[in-house]
Structure formats: C-alpha cells, structure tokens
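In what follows, every chain begins at residue 1, and chains take the letters A, B, ... in the order their sequences are listed.
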There are 2 protein chains.
Amino acid sequence: MRILASELTLDGAGRPELGRNLTYGLLDNLGRAIVTGRFETEPFPTEAELAKQHNVSRSVTREAVKMLTAKGLLSARPRQGTVVQPTTSWNLFDTDVLRWLLERQFSVDLLKQFNQLRIAIEPEAAALAARFGDEAELRRITDGLERMEAAEKGLDDTLDADIAFHVAILRASSNPFYFQFRDVVTTALRTSIRFTNRIKGRTASVADHAAVRDAILARNPDAARTAMRDLIGDVLELIDEAEGAKA
Amino acid sequence: MRILASELTLDGAGRPELGRNLTYGLLDNLGRAIVTGRFETEPFPTEAELAKQHNVSRSVTREAVKMLTAKGLLSARPRQGTVVQPTTSWNLFDTDVLRWLLERQFSVDLLKQFNQLRIAIEPEAAALAARFGDEAELRRITDGLERMEAAEKGLDDTLDADIAFHVAILRASSNPFYFQFRDVVTTALRTSIRFTNRIKGRTASVADHAAVRDAILARNPDAARTAMRDLIGDVLELIDEAEGAKA
DNA sequence: GCGCGTACATTTATCTGATTAATTAGTCTT
DNA sequence: AAGACTAATTAATCAGATAAATGTACGCGC
C-alpha cells in the first residue's frame with residue numbers, strides 16, 4: 001500500500017502535524033523527542049528504523065536528520081549510526097530548538113536563564129539604539145510604546161505591544177547580532193506573561209517603558225541602558241522571589 | 001563515467017574540500033557562495049541545475065539545501081524554486097555561518113559588531129560567574145589566566161590562552177545561553193588579534209585579565225562586571241580609533 | 001474589457017532499490 | 001601480543017520514476 005502525503009496531514013490522533021510537508025513534520029517530531037530526552041535512555045534509531053517507524057521514505061528521514069544535524073542536535077557517521085549531541089552543542093538561538101525547549105515543559109529555571117540573557121542584551125541594545133538608531137528605527141520604538149498605551153485602554157493586545165517595543169529596540173541597535181535575539185526575547189516575553197501575571201497582578205508598566213524610549217530619543221545611551229536594566233531587573237527579581245518562595 | 005566520492009576529496013585546483021563527504025562539501029561551497037552574495041545578481045539554481053553543476057546526485061543536493069534552510073540561508077518551495085533569504089533571517093550564531101561570514105573578507109565593521117556584542121555578554125557573564133560559578137568552573141578561569149602568564153614567557157600560545165580564559169568565564173556563568181557565545185568570542189578574538197596587533201604592538205594585558213579573575217574568585221559580581229567591561233571597552237576604543245583614522 | 005476558473009507547466013517532494021564508502025569489531029597470523 | 005586481514009554494519013550516494021504544490025496563461029462567460 002502506498003501512503004500519500006495528503007493522507008498524513010493528520011497524525012494518528014487526528015491532530016494536525018506541524019510543518020508543511022513530511023520532512024518538516026518529521027523534523028518537528030524528532031526535535032521534540034530529542035529535547036524531551038527520549039533518547040537518553042534508548043539509542044537513537046538507525047535511518048532505516050526511523051523511516052519504518054514514521055512511515056516515510058529514507059529520503060525524508062535523511063533530510064530531517066540533516067536539518068537536525070545543522071541545528072547541532074544530531075551527528076551521523078557510518079557504522080556508528082546517528083547519535084544525539086550533548087546539549088552544549090545545540091544551537092539554542094535557533095527558533096525551532098527554542099520552541100521545542102519550551103514545549104516540553106514550563107520551567108522557571110529556563111525562564112530565569114532567558115531573563116539573565118535579556119539583562120545583558122537589551123540594556124546594551126538600548127544604548128546602541130540611542131547612539132546609532134536612525135529615524136525609521138526610532139519611529140518603530142515610539143510606535144510600540146503607543147501600542148502599549150492603547151492596550152491600557154483595551155485598544156490593542158498588551159503582550160503584542162510589549163513585544164513590538166522590545167524588538168524595535170533590538171532592531172534600532174543597528175547591529176545584526178542584536179536583532180538575532182528577537183526570537184529569544186519574544187519567547188521570553190510570551191512565557192513571562194504566563195508566569196508573572198500569575199504571581200502578581202502586575203502588568204509591564206508603561207511609564208518604565210516610556211523612560212527607555214525617552215532616553216533613546218534624547219540620544220542618551222547611559223540613561224537608556226540604565227532604564228532598560230531596571231525594567232528587566234524587576235522581572236528577574238520577581239522570578240527570584242517566586243523561586244525562593246517555592247524552595 | 002561514474003564519479004566516486006574518494007576521487008572528489010580534492011577539488012579541481014588540488015585543494016582539499018571542506019567537509020567529510022560530498023554533502024558537507026557542497027554545503028560549504030554553497031554557504032560561502034550565498035554569504036559572498038553571488039546570488040544577489042543571479043537567481044539561485046534549481047535543484048536539478050545544482051546537481052549537474054557540482055556533479056553530485058540530487059539526494060546530496062537536496063540534503064545540502066535542507067541544511068542551509070535549517071540555518072536560515074535558504075527557503076524552498078515548489079514551482080518558486082529555492083531562494084536566498086534576507087540576512088536578517090540567517091542564524092548568525094551558527095558556527096558555519098560565522099565562518100563563511102569571515103572568510104569572504106575581513107571587515108572592520110563586522111569586527112566592531114562582534115565586540116559590541118561581547119561588551120554586552122561578557123561583563124554580565126563575569127558577574128554571573130562570580131555569583132554562581134562552581135569550584136571546577138572557576139578553576140578553568142584560573143587555568144586560562146595561568147596559561148596567559150606562561151605565554152608571556154613564551155611557554156604557551158598567547159591567543160589560545162586568551163580564548164581559553166574568556167570561554168572559561170562563559171562556561172562559569174552556569175547559563176547555557178551564555179556558553180553558546182563561545183564560537184562568536186573565539187572568532188572575534190582570532191580576528192581581533194590579526195587587527196589590533198597590526199595597529200599597535202599591544203597585547204592583551206595579563207594584569208587586566210587578572211583583575212577579572214580576582215573579582216570572580218572574590219565573589220564580587222559588580223567588580224567582575226566592571227573589570228570585564230573595561231577590558232573589552234579598550235578593544236572597542238581601539239577599533240573606533242582605527243576606523244576614525246581611515247575615515 | 002474584465003473577472004473567474006480551469007488547464008498546463010515547472011519545481012520541489014517523495015518513494016524505491018541498488019551500490020559504494022567508512023568504520024568498527026572480530027579473527028587470524030606471526 | 002601486535003599487527004594485518006576479514007566481515008559486518010550503517011550512513012552516503014546514485015538513478016529514475018511518480019506525486020504534490022503552485023504560479024502562469026489561456027479561454028470562457030458576462
């Protein structure tokens with residue numbers, strides 16, 4: 001019996017598979033399985049076994065494995081087979097890896113690590129934005145802030161506006177490496193909100209964000225850096241408190 | 001005539017191809033070609049054309065393209081073909097992408113962007129190391145510093161020692177996201193040395209590095225942050241001066 | 001002439017099965 | 001005991017056929 005791709009857009013349980021085609025579907029399944037640690041106890045299957053288990057051809061299998069290799073999760077060699085790499089070689093700034101990492105479970109520890117990273121990146125990004133951001137880039141920052149104000153009146157989504165603001169600053173840093181963090185920051189914010197809102201009824205304060213914007217528009221790097229640092233520092237404190245309360 | 005892989009370990013010019021097999025060889029060639037901007041003027045070839053041009057099968061071609069897709073450089077869709085993605089979607093923290101980016105040409109601008117990133121990451125990493133670094137991790141930092149001292153007497157390589165020191169701090173931050181920057185920092189240092197040594201006869205001062213180590217061992221996050229910031233700030237100033245001199 | 005849908009062409013996606021290469025483990029020789 | 005040969009395993013590569021997706025162009029009806 002020949003299995004057609006169109007018949008596989010739904011998996012056994014009837015849920016839609018992630019990805020536009022078989023390769024991306026397998027990529028997603030394997031990625032999640034690896035990150036979840038399924039292959040810490042059992043060995044990673046050989047190419048032939050994988051193909052049989054997922055009812056796809058070897059081509060699809062090999063291409064999915066190659067993509068996971070490119071993201072640092074796997075390594076394949078003849079005779080040795082395909083093996084999961086240590087987490088230190090995973091590309092944590094890859095969108096897919098990041099998503100799999102969060103889907104497996106909500107971890108306060110991971111959220112903390114996100115924000116420890118943000119407190120390094122974003123204050124410096126704000127400083128760079130103040131120094132080098134051009135007209136259009138600064139405009140985006142203001143737009144983001146205005147969306148936050150509108151959200152307070154229920155005219156926009158709070159979280160989306162918050163994300164737009166922070167990403168605008170990364171972009172305005174005019175350094176492509178900083179802009180790479182847009183996924184991490186987006187993910188961190190989406191995750192944070194689920195968490196911090198549960199702890200306190202506290203929304204990201206528009207006033208604090210406005211302070212960052214003002215410093216950047218005033219072309220004052222030091223003030224921008226400090227203002228952003230305070231902003232994220234608050235989040236980090238909140239997480240620490242919550243963690244301490246549990247321990 | 002059948003072309004065997006073993007015959008292709010050397011390319012036409014007799015240079016060894018990068019990568020252990022055909023797929024990795026093609027990956028490297030295409031990666032460099034994309035980063036160099038070859039396909040800004042001409043369209044990216046179709047899968048069939050690529051295979052013919054490089055004398056490999058379509059499987060090899062497809063797998064190489066899939067890996068480049070995983071790294072954000074390409075996107076493939078039926079009928080539309082394979083197209084190069086805008087640089088904003090490239091994964092700049094991928095080791096391969098980073099290497100291609102540097103191989104194409106030495107750019108002061110890129111070096112500057114590297115160090116603008118380092119000045120965000122490394123001071124904070126030092127602060128985290130002071131707070132959370134365990135015995136073994138701190139030991140590595142001291143080891144790195146001792147190698148730098150040995151290098152001054154010609155007993156070790158200056159650059160390798162310097163890299164070991166900085167990477168040890170990233171590791172000691174105990175945050176996997178920070179440790180991800182080991183490639184960027186390594187690359188930045190290897191590139192910096194080519195550059196800064198040409199400008200001034202200035203070696204990375206062991207005393208400044210020792211200050212960072214001491215602050216971390218003393219479990220003083222603020223001092224560690226400041227010391228590291230000064231260290232990298234000096235490099236950045238050097239680059240700015242050189243850039244200004246040219247302009 | 002304008003919209004709309006259908007037929008067609010192009011390119012990636014997928015499958016299959018055979019062959020080759022690399023590497024490890026074992027065995028045999030000396 | 002050391003080294004060389006052999007076998008077995010697994011990924012790597014090739015070839016060519018078929019399917020699916022999607023943009024383009026054509027033609028039909030209004």
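Distance A:Glu63 CD to D:dT13 P: 13 Å, rounded to the nearest Å. As a whole-Å value, the separation of B:Leu74 CG from C:dT11 C1' is 15 Å. The CG-P distance, from B:Leu50 to C:dT11, rounds to 12 Å in whole Å. Note: NE2 (B:His54) to C1' (D:dT13) measures 16 Å, nearest angstrom. Atom C1' of nucleotide D:dC14 and atom NZ of B:Lys52 are separated by 17 Å, given to the nearest angstrom. Here the C1' atom of nucleotide D:dA19 and the CZ atom of A:Arg20 are 17 Å apart, to the nearest Å. One interatomic measurement links the two molecules: OH of B:Tyr24 to C1' of D:dT13, which rounds to 15 Å at whole-angstrom precision. The distance from atom CZ of B:Phe44 to atom P of C:dT10 is 21 Å, rounded to the nearest whole Å.
Below 30°, between 30° and 60°, or above 60°: for A:Phe181 and B:Phe181 the angle between ring planes is between 30° and 60°, a tilted geometry.
Look at B:Ser57 and you won't find any side-chain N or O under 4.0 angstrom from OP1 or OP2 of D:dT13. Residue A:Thr23 has a polar side-chain atom (N or O) positioned under 4.0 Å from OP1 or OP2 of C:dT14.
Listed by chain and number, the residues in a salt bridge (charged side-chain N to carboxylate O under 4.0 Å, His left out) with B:Arg147 are B:Asp156 (sequence neighbours excluded). By the side-chain contact (heavy atoms from CB on, under 4.5 Å) test, B:Arg190 is found to be paired with B:Leu159, B:Asp160, B:Ile163, B:Thr186, residues two or more places apart in sequence or in another chain being considered. Residues that satisfy the side-chain contact (heavy atoms from CB on, under 4.5 Å) test with A:Glu146, not counting sequence neighbours, are A:Arg139, A:Thr142, A:Asp143, A:Glu149.
Sorted by first and then second residue, the ring-ring contact (aromatic ring centres under 6.0 Å, His included) pairs involving residues 152-175 of chain A (not counting sequence neighbours) are A:Phe165-A:His209, A:His166-A:His209. Contacts classified as salt bridge (Lys or Arg N to Asp or Glu O under 4.0 Å) and involving residues 107-118 of chain A (residues at least two apart or in different chains) are given here: A:Lys112-A:Asp240, A:Lys112-A:Glu243, A:Arg118-A:Glu122. Among residues at least two apart or in separate chains, side-chain hydrogen bond (donor to acceptor under 3.5 Å, both in side chains) pairs with a member in residues 173-182 of chain A are A:Glu137-A:Ser174, A:Asn175-B:Gln116.
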Open item on the list: I'd like to compare against my own output: the B/S/- annotation of nucleotides 5-11 of chain D with a strict under-4.0 Å heavy-atom distance to protein.
Closed with: ---BBBS

Quick test: give all pairs of protein nitrogen or oxygen and nucleotides 4-6 of chain C nitrogen or oxygen below 3.5 Å, distance rounded to 0.1 Å.
none

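Look at A:Asp94 and B:Lys71 and you find no salt bridge, because none of the NZ, NE, NH1 or NH2 atoms lies under 4.0 Å from a carboxylate O.
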Review item, side-chain donor-acceptor pairs of residues 62-69 of chain B, under 3.5 Å, at least two apart:
{"unit_1": "B:Arg62", "atom_1": "NE", "unit_2": "A:Glu63", "atom_2": "OE2", "d": "2.9"}
{"unit_1": "B:Arg62", "atom_1": "NH1", "unit_2": "B:Glu47", "atom_2": "OE1", "d": "2.9"}
{"unit_1": "B:Arg62", "atom_1": "NH2", "unit_2": "A:Glu63", "atom_2": "OE1", "d": "3.1"}
{"unit_1": "B:Glu63", "atom_1": "OE1", "unit_2": "A:Arg62", "atom_2": "NH2", "d": "3.0"}
{"unit_1": "B:Glu63", "atom_1": "OE1", "unit_2": "A:Lys66", "atom_2": "NZ", "d": "3.3"}
{"unit_1": "B:Glu63", "atom_1": "OE2", "unit_2": "A:Arg62", "atom_2": "NE", "d": "2.9"}
{"unit_1": "B:Lys66", "atom_1": "NZ", "unit_2": "A:Glu63", "atom_2": "OE1", "d": "3.2"}
{"unit_1": "B:Thr69", "atom_1": "OG1", "unit_2": "B:Val65", "atom_2": "O", "d": "2.7"}

